Every structure is written in structure tokens, then in C-alpha cells.
Number of protein chains: 2
Amino acid sequence: MPITKTLFMEEFAAPRAGKKLNCSISRKGKIMDVHHLKIFVSVYKNKSFTRASEDMHISQPTISEHIKNLENSLDCRLFDRLGRSIMPTAEGDVLYPRALQLLDDLDTIQEEITDAGTGVKGRLIIGASTIPGTYILPRVAYSFKKQYPDVAFEILIEDSGKITSMILQHDLLCGIVGARMVSDKLDFEPLLEDELVLVASPKLLDKKTVSVENLKTIPFLQRETGSGTRQTFENYLEKVHFTPETLNIVASLGSTSAVKQAVKESLGASVISRIAVQEELDSGVLLEIPILNNKMKRQFYMVRQNKRTLPPQYRAFCNHLKIG
Amino acid sequence: MPITKTLFMEEFAAPRAGKKLNCSISRKGKIMDVHHLKIFVSVYKNKSFTRASEDMHISQPTISEHIKNLENSLDCRLFDRLGRSIMPTAEGDVLYPRALQLLDDLDTIQEEITDAGTGVKGRLIIGASTIPGTYILPRVAYSFKKQYPDVAFEILIEDSGKITSMILQHDLLCGIVGARMVSDKLDFEPLLEDELVLVASPKLLDKKTVSVENLKTIPFLQRETGSGTRQTFENYLEKVHFTPETLNIVASLGSTSAVKQAVKESLGASVISRIAVQEELDSGVLLEIPILNNKMKRQFYMVRQNKRTLPPQYRAFCNHLKIG
DNA sequence: TAAACAAATAGATAATGCCGATTACTAAAA
DNA sequence: TTTTAGTAATCGGCATTATCTATTTGTTTA
């Protein structure tokens, strides 16, 4: 979504008019470069070509040559050669402070680049599907922020399919999802295991267990296509040779909490992440009904483009997830 | 004097501590140069090495090479190569606006240098001895300012010797003096002719003319050593085989107006530029006493170091003097 | 799978940077 | 004046770098 897209595309997309052929046909083709400026500054400070050459550990003829080049590219004299000594011209006097400034700016840029590559700070946008985004990431974000206070942590919750495709389109750098997608561009790294459990309101069902076959007799609530929960469930059904179409689907809902709410209101049963219903199970509002001889394990993955370089705050976050 | 010295020496003299061996032992010895940055900017804008190469009229491998160099010198990746496309890394995103800024600054410097070499503006300090500084330059300055309003005109009045030596020491770029000095470093260009006249108060003398011989009978006021007026006068005496020591010197004074005042008060006679006493001669306060068969002509010169490059406002002033 | 496209690599050549030795010039000293 | 010392410019040559074309490698699309 545009929220995150701007992160990468803002200036990248701007064509910026003007300043076209400014490097085309200059007198000698030579352009004022950084090295020239460094030498100029040294000559100006030392008031001597020879002393500048000692200062910079290069030969005096090289200094002469570079100053000449610089003078040619600027089309002016920078120093009057007076025999025993030199004096800067008006142009030299103008150039000197600017050159110092420019070299300073260059150093600053170098520092900023280094910092951008090592400083754990800035926006950290993690895409996540419902379960990790709601029940896992907030905790992780808290402890991460404590360690790296300069990071602005943002959690973007969409279903697993949406998150994955955003990463494919470079709208997002990494995410935590509950379903793998076949793509050789993406890395999926297993993070933690979850279990889907069949839950129902005690008013709807009070059986202790069900067999797979019995499933088709139960009114059923399901998630939308693209949901990792749904995909895990369907994979499970396939594995146990149960045709999903024979389920008695009473509704398709767009979020875990919507499904949970509907289950609480006895509209049907559903399979939901244990982690998302743990509270309700503990309090007895919902009932877990084990399926005979089977568990629906599912894995959450960290997903990212395998070719993209992650900024340091993202790398730190990935480490944080694996370690703590 | 320090007033003008600062013009050339201010930053020139400052050694500026710190930032010593910062260019010494970097990984590949390569330094981020302007050309690299231009190529980087083009790649970033075009989102493609190939399109950047077309844009800049160099080959694609050259672009690859330069980006690689830049990446090495910054010790980071700037673009992730994704196969068909590229995306800037966080470092690339940081570098881009800075690089644009830096290239802009460079252009600005070029413009400023050009301007410094052609723009008739800024301080214009003209050294002058008493006569030209008092009776000629103010008029010239007025008409010059009218033509070039951006010039700050300053007249520094010292005697001819002082002005000339300041120019020799680079404390001044040009001056107008009434006496030549033998030096192969200086250019003296004749500007205008003046005449020294023998003047006295009517109370002191009422002769119509005097002979050279009669001079020793007259109480005489003279200028200090270094004065162009005095030197011209002594040259004259030498030419007519008159020994200056035989003059009846009653006082040596430090300025033309001091001498003039003293003459008015009948302390003695003196030789003064006609231009400086024209008013008094016209009104009859002072009397011009021609010396038989002789005129004391003297020349004013524009003087400057022959090796120094003059800034544009100085060149414009020199032209102005010759023409108008 | 083949075709098209983009960047990386390789090998060759031209341009440039850099050096040491020398020259030319100036200023100071003998 | 001549000599000496100091400083920048020039020269010839070597080393490095920039750039090119041709090719390879890898990715995406048909």
C-alpha cells in the first residue's frame, strides 16, 4: 500500500527535469573533481606547490599538473605565480572556502552512508497476518523497542497472501505469515509453531472429541481465501483425504476475531489458532474439541525477498526474533 | 595597512587544525569522486544501468564498473540487483539526495568562480598619494560608481613611497602615485601630467619671477622624504645643477595641505602641484612665481605588480581611467 | 523451452595520474 | 655583478584507470 511504497519510491521515481546536457562540451572535457579540490586546498593553505606536495605525499609536478587542470576546467587562474612565492587570485579566494565546505560535505555524506548501514534506527515496517500481528508481534515489538529505542516500529496487518505479494512487489521488506508461497524470489524462514484447534461454543457442541468424518455434520465458519489459517486447514483436510466441499459451511468471514465472535454466538464451529483462543478456552467461553488422532500443526514464517539487502534495523529485528 | 591586508590574507593565512590524514589508508584507495556521483544519480533516476549508460553516452559495463567502485569506496551496496530490475538500498536512498545537493553545489561554485572573474563588483581599493587621492580620484570614483554601482570604492591615501611599497608587499593591488620606483616587479603607466609651481603668500614675496639661483634666498617649506612632490622637485634641482642642501629650509611638513597652510601663513615658499593650489591662485590668496626658463613637470602613474592578476573591478577601473 | 532483456565479466586499448630528472625563473647571498 | 638556493614548469616514461566491444550469466516473458 502507498504507506510503505513511499519508503522506497519517493525520490526514486521522480524524473527531475532540467540540468540535461550540462556535462556535454566543456573546454577540455575535464570536470572539477574532488581530488583537484583537495590539492587546491592544500596549496592554498601551504601557500606553496612544493609544501603542498610534501603535505599530500605526492610529487610537486603532479601538484602543478592538477592545479593547471583545475584552472583549465574553471577557465581562470587560481594562483599568480610570482617566482619565489604564489598568491591566490580573486577566483582562488572565492574557491577556497567553497572547496573546504564541499570536502566537508563529502565527509559528512560518507558518515551518513556508514551510519545508514549500521545505525539501528528509522522506520521498521513489519507486515504480518492476523495471528502473529495481533498475538505475537506486539510483545516482540515492545522488547525490541526497549533495546533499540530509535526505531519506529510499525505493524501492517493483512492476510498472509496480501503480505506475501506486497513483499514480492517491494512494497514491504519483510513479514511474518502463516503460509508459504512457492516462489524462488522469497525466503521463508520458520519462526514458531502454532496449532489450529477446532472450537465451538459449549451451547453448540459438547462432545469430547470428533472424528474427521464427523466434521461434515457440524455447521462450519471459515476464513476468506488467502488466509493462512484457511490454507492450513485445507491442507490438513487434503492430507486426511477429506473433501473440503463437503463441509457444511455456514459463513466465510474476513478476520480471526470475526470468526471467533461468530463461534461465541454459536453460529457454528471453526478452526482457529490456539494462540488466538487461549483466553476463551481457559475461561470456558469456548470449547476445544480434539479431532481423533490428528493435530493441525502450522508454522509461522518470516518472509522476505532473498535478493534485497535489509537495512540494519530490519536485520536487528530478524536477529531479535530468532534469539529472544 | 591591515585594512587592505585582510582582503588577501584572511583565510589564506589560517592553517586550520584537524582533518589531517583522513585520505591515507582507505580500503581500496579509491575516493568517492564527482564522476561516480553523477553516474550514481543517473542510475538512480533511470532505475537502470543500461538506461543510465544511454543517458550519459557511455557503455553499460562502464556504469557497472563505476557503481562497483563507488560501492567499494563507501563499503556498502547501493543497489540490489534483482535480475531484470534494480532497487536502491537504504544507503542508496540516503546517498541520492546528498549527491544531488553536492552536484548542485559544484555547479554553484563554478558559477561563482566565473562570476568572480567577470563581475565588476566588490571592494575596489585604490592607493593614492595626496594629490591624486585628494584632487583627482574623488571625481573619478564618482563617475565610476555611476557606471558600476556594485563596486565599493575605497581610496587609501599615503605618500607615493608608502603606496608603492604596499603594492610590492601585496597589501594593495594598484595605486596612483607621483613618482616612479625602480623595480622590475612593478608596472608604472603614465596617467596624466601635472606641474609643480613655486607659490608664496603675496605678503612674503611679490616678485614676478625668480631665477633658479634666487631660490636659496627664499625661506622654504618642504614635504617629507617619500613624497612624490619632494622627489620631483629634487630631480628638478639636480637637473638644473642646484644643490638641494643649499636651500633655506625652514620646515619639513607631512602633507600637501600642511605645506599649503604654512605657505598661506607666510612661513615660507614651497613648490606644490598646480592642481592643489589652483583655487588659491585664482582667488589671489597665493601667488605663483614662475621660475625663469623652467617648468617643473611631473607625471602621475598607475602602478601595480606586473605578475598579479587583477580582479574584474580593478580591470574596469583601469580602463575607466584610461578612457574617461 | 526459447527469446528477450539486464547486469557482470573478460580482454584490449586509450587516457590519465604520477614520478624522477631536468629546466627556467626568481630572489637572495657572496 | 655572479653565484647560490628556492620554486614552479616541462619532459619522458611507467603504472593505473577509464572505457570500449564482445561475451557470459541470470531472469523474465512468450
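No experiment lies behind these values; they were computed from the predicted model shown. Worth knowing before you read on, the calculation uses all heavy atoms, side chains too, and leaves out hydrogens, waters and symmetry mates. Naming: A, B, ... by sequence-line order, numbering from 1 per chain.
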Let me know, please, whether Phe49(B) or Lys185(B) comes out on the 5' side of the other along DNA chain C by nearest nucleotide.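 Its nucleotide being nearer the 5' end, the pick is Phe49(B).
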Let me know, please, whether Glu65(B) or Ile58(A) comes out on the 5' side of the other along DNA chain C by nearest nucleotide.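 Nearest-nucleotide comparison on DNA chain C picks Glu65(B).
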Pair Ser64(B)-Gln60(B), side-chain donor/acceptor within less than 3.5 Å: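 A donor-acceptor contact under 3.5 Å links the two side chains.
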Is there a donor-acceptor contact under 3.5 Å linking the side chains of Asp93(A) and Tyr44(A)?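 Judged by distance alone, the side chains do pair up.
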Could you tell me how far apart [X] ([atom1]) and [N] ([atom2]) are, to the nearest whole angstrom?
X: Leu70(A); N: dA8(D); atom1: CG; atom2: C1'; result: 17 Å
X: Leu168(B); N: dA28(C); atom1: CG; atom2: P; result: 11 Å
X: Lys38(A); N: dG17(C); atom1: NZ; atom2: P; result: 15 Å
X: Met56(A); N: dC19(C); atom1: CE; atom2: C1'; result: 16 Å
X: Glu54(A); N: dA8(D); atom1: CD; atom2: C1'; result: 14 Å
X: Glu71(A); N: dA9(D); atom1: CD; atom2: P; result: 8 Å
X: Ile39(B); N: dT17(D); atom1: CD1; atom2: P; result: 16 Å
X: Leu82(A); N: dA28(C); atom1: CG; atom2: C1'; result: 16 Å

Return no unless some side-chain N or O of [X] is found under 4.0 Å from OP1 or OP2 of [N].
X: Arg81(A); N: dC25(C); result: no
X: Ser85(B); N: dA6(C); result: no
X: His66(A); N: dC18(C); result: yes
X: Lys307(A); N: dT27(D); result: yes

Closest nucleotide among [options] to the [X] side chain:
X: Asn69(A); options: dC20(D), dC25(C), dG17(C); result: dG17(C)
X: Arg84(B); options: dT29(D), dC18(C), dA7(C); result: dT29(D)
X: Ser64(B); options: dA8(C), dT19(D), dT10(D); result: dA8(C)
X: Thr50(A); options: dC25(C), dA6(C), dT7(D); result: dT7(D)
X: Pro61(B); options: dA8(D), dA10(C), dA7(C); result: dA10(C)
X: Lys68(B); options: dT27(D), dA6(C), dT9(C); result: dT9(C)
X: Gln60(A); options: dC20(D), dA8(D), dA28(C); result: dA8(D)
X: Thr62(A); options: dC19(C), dA9(D), dT28(D); result: dC19(C)

Short N-O contact, Arg81(B) and Glu71(B), less than 4.0 angstrom: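 Salt bridge present between Arg81(B) and Glu71(B).
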If the threshold is 4.0 Å, N to carboxylate O, is there a salt bridge linking Lys307(A) and Asp80(B)?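 Salt bridge flag = no for Asp80(B) with Lys307(A).
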I need the Thr118(B) OG1 to Arg315(B) CZ distance, nearest 0.5 Å.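 These two atoms lie 8.5 Å from each other.
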Examine Phe188(B) together with Phe300(B) and report whether their ring centres are nearer than 6.0 Å.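 Judged by ring-centre distance (under 6.0 Å), Phe188(B) and Phe300(B) do not meet the cut-off.
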Would you indicate what Ile63(B) reaches in the nucleic acid, counting non-hydrogen atoms under 4.0 angstrom: base, sugar-phosphate, or nothing?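 Answer is nothing: Ile63(B) stays at 4.0 Å or more from every strand.
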